[in-house]
Amino acid sequence: MKKKVIDRRLVYELLKQVPKGRVTTYGALARAVGHPDSARAIGALMRSNPYAPAVPCHRVVYSDGRLGGYGGMKGAGRKARMLAKEGVKVKNGRIVDFEKHYFEISPQTLSSSPQSV
DNA sequence: AATATGGCACAAA
DNA sequence: CTTTGTGCCATAT
């Protein structure tokens with residue numbers, strides 16, 4: 001039993017590893033950090049985004065390929081614009097070729113020791 | 001410490 | 001395909 005605390009640092013690091021013009025989902029990100037069920041938690045971390053703008057939280061979208069939210073689901077339009085500017089085409093709130101722009105994050109263990117049990 | 005909020009995911013209809 | 005409802009978790013105040 002380990003602590004069920006998502007490593008903020010790890011989340012940001014993983015997110016930072018997402019190249020420009022590429023997008024990922026909270027779920028995938030959550031998995032990358034070792035919390036496959038904490039997709040929402042990831043959003044929670046992004047919400048405060050203490051590492052902003054070092055962390056491109058705007059590159060994180062829904063698993064459905066939609067944009068998701070941004071500032072209370074109000075600045076989603078802005079997010080779309082940013083992504084479009086980076087090369088991710090967004091059409092009517094939906095990412096074009098989402099899976100094509102989708103970037104699967106590698107579960108890097110960062111500086112922590114994996115110590116698999 | 002507890003409540004409210006929130007930038008999600010998945011299933012079913 | 002769209003919409004509704006539920007479950008999960010962490011943050012901020």
Side-chain angles (χ1 to χ4, degrees):
Chain A
M1 327 283 232
K2 305 288 195 221
K3 304 170 196 245
K4 284 218 275 208
V5 196
I6 296 182
D7 291 272
R8 289 187 170 193
R9 247 256 292 242
L10 187 56
V11 179
Y12 305 129
E13 291 298 306
L14 291 169
L15 181 54
K16 275 176 359 183
Q17 112 184 276
V18 179
K20 186 180 98 168
R22 215 79 337 151
V23 290
T24 184
T25 71
Y26 295 94
L29 199 53
R31 287 186 226 165
V33 296
H35 293 249
D37 289 315
S38 310
R40 211 162 177 197
I42 301 297
L45 302 180
M46 299 292 143
R47 191 202 194 211
S48 94
N49 199 8
Y51 284 66
V55 181
C57 45
H58 63 265
R59 282 188 197 146
V60 190
V61 297
Y62 270 50
S63 62
D64 305 276
R66 299 191 211 176
L67 292 181
Y70 203 83
M73 290 184 147
K74 288 154 206 279
R78 181 179 323 192
K79 181 171 74 191
R81 200 161 68 162
M82 274 197 298
L83 292 171
K85 197 172 160 175
E86 306 220 324
V88 183
K89 311 295 197 320
V90 181
K91 178 68 94 179
N92 191 21
R94 230 82 45 237
I95 295 182
V96 182
D97 300 305
F98 167 62
E99 36 189 289
K100 192 170 116 163
H101 290 288
Y102 185 86
F103 179 87
E104 193 174 311
I105 302 177
S106 300
Q108 286 183 30
T109 33
L110 210 68
S111 27
S112 294
S113 307
Q115 288 307 348
S116 307
V117 281

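All of these numbers come straight from a predicted model, not from anything done at the bench. Proteins come first, then strands; the chains are lettered A, B, ... in the order of their sequence lines, and each starts at number 1.
OP1 or OP2 of B:dC10 lies within a sub-4.0 Å distance of a side-chain N or O belonging to A:Ser63. The phosphate of C:dT11 has OP1 or OP2 within less than 4.0 Å of a side-chain N or O from A:Arg8. For C:dT11, neither phosphate oxygen OP1 nor OP2 lies less than 4.0 angstrom from any side-chain nitrogen or oxygen of A:Ser48.
Heavy-atom neighbours of A:Lys16 NZ from other residues, nucleotides or ligands within 6.0 Å: above the threshold of 12.
Stem analysis of DNA chain B (at least three stacked-register Watson-Crick or G-U pairs, each with both distances under 3.5 Å) gives B:2-6 with C:9-13, B:8-13 with C:2-7.
With A:His58 as the fixed residue, the side-chain contact (heavy atoms from CB on, under 4.5 Å) test singles out one of A:Arg78, A:Arg81, A:Met82: A:Met82.
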Show every donor-acceptor pair shorter than 3.5 Å between a side-chain atom in residues 17-34 of chain A and any protein atom, with sequence neighbours excluded, or say none if there are none.
residue	atom	partner	partner atom	Å
A:Gln17	OE1	A:Gln108	NE2	2.9
A:Gln17	NE2	A:Leu14	O	3.3
A:Thr25	OG1	A:Ala28	N	3.0

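Regarding A:Asn49, its CG atom lies at a distance of 22 Å from the P atom of B:dT5, rounded to whole Å. Residue A:Asn92 contributes atom CG, which lies 9 Å from atom P of C:dT2 at whole-angstrom precision. A:Leu29 has its CG atom 13 Å from the P atom of B:dC8, to the nearest Å. Atoms CZ (A:Arg40) and P (B:dC8) sit 6 Å apart, rounded to a whole Å. Taking atom CG on A:Leu15 and atom P on B:dC8, their separation rounds to 14 Å, with Å as the unit. Per the geometry, CZ belonging to A:Phe98 stands 14 Å off P belonging to B:dC8, to the nearest Å. Rounded to an integer number of Å, the gap from CG of A:Leu45 to C1' of B:dT5 is 14 Å. Spacing between atom OH of A:Tyr70 and atom P of B:dC8 amounts to 13 Å, rounded to whole angstrom units.
In this structure, CG in A:Leu67 is found 6.0 Å from NZ in A:Lys79, a value given to the nearest 0.5 Å.
A pairwise comparison of heavy atoms in A:Leu45 and A:Arg8 identifies CD2-CG, 4.0 Å as the closest pair.
When the nearest nucleotides of DNA chain C are assigned to A:Arg47 and A:Asp37 by heavy-atom distance, the more 5′-ward of the two goes with A:Asp37. Both A:Ile42 and A:Arg94 lie close to DNA chain C; mapped to their nearest nucleotides by heavy-atom distance, the more 5′-ward contact belongs to A:Arg94. Comparing A:Asp64 and A:Ala41 by the nucleotide of DNA chain B whose heavy atom lies nearest to each, the residue mapping closer to the 5' end is A:Ala41.
No donor-acceptor distance shorter than 3.5 angstrom exists from the side chain of A:Lys89 to the backbone of A:Ile95, with no hydrogens or angles considered.
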Evaluate side-chain contact (heavy atoms from CB on, under 4.5 Å) for A:Val96 paired with A:Val88, printing each intermediate quantity in order. CA-CA 7 Å; A:Val96 182; A:Val88 183; over 6 Å; no
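Backbone-only contact: A:Ala39 has heavy atoms under 4.0 Å from sugar-phosphate atoms and none from a base.
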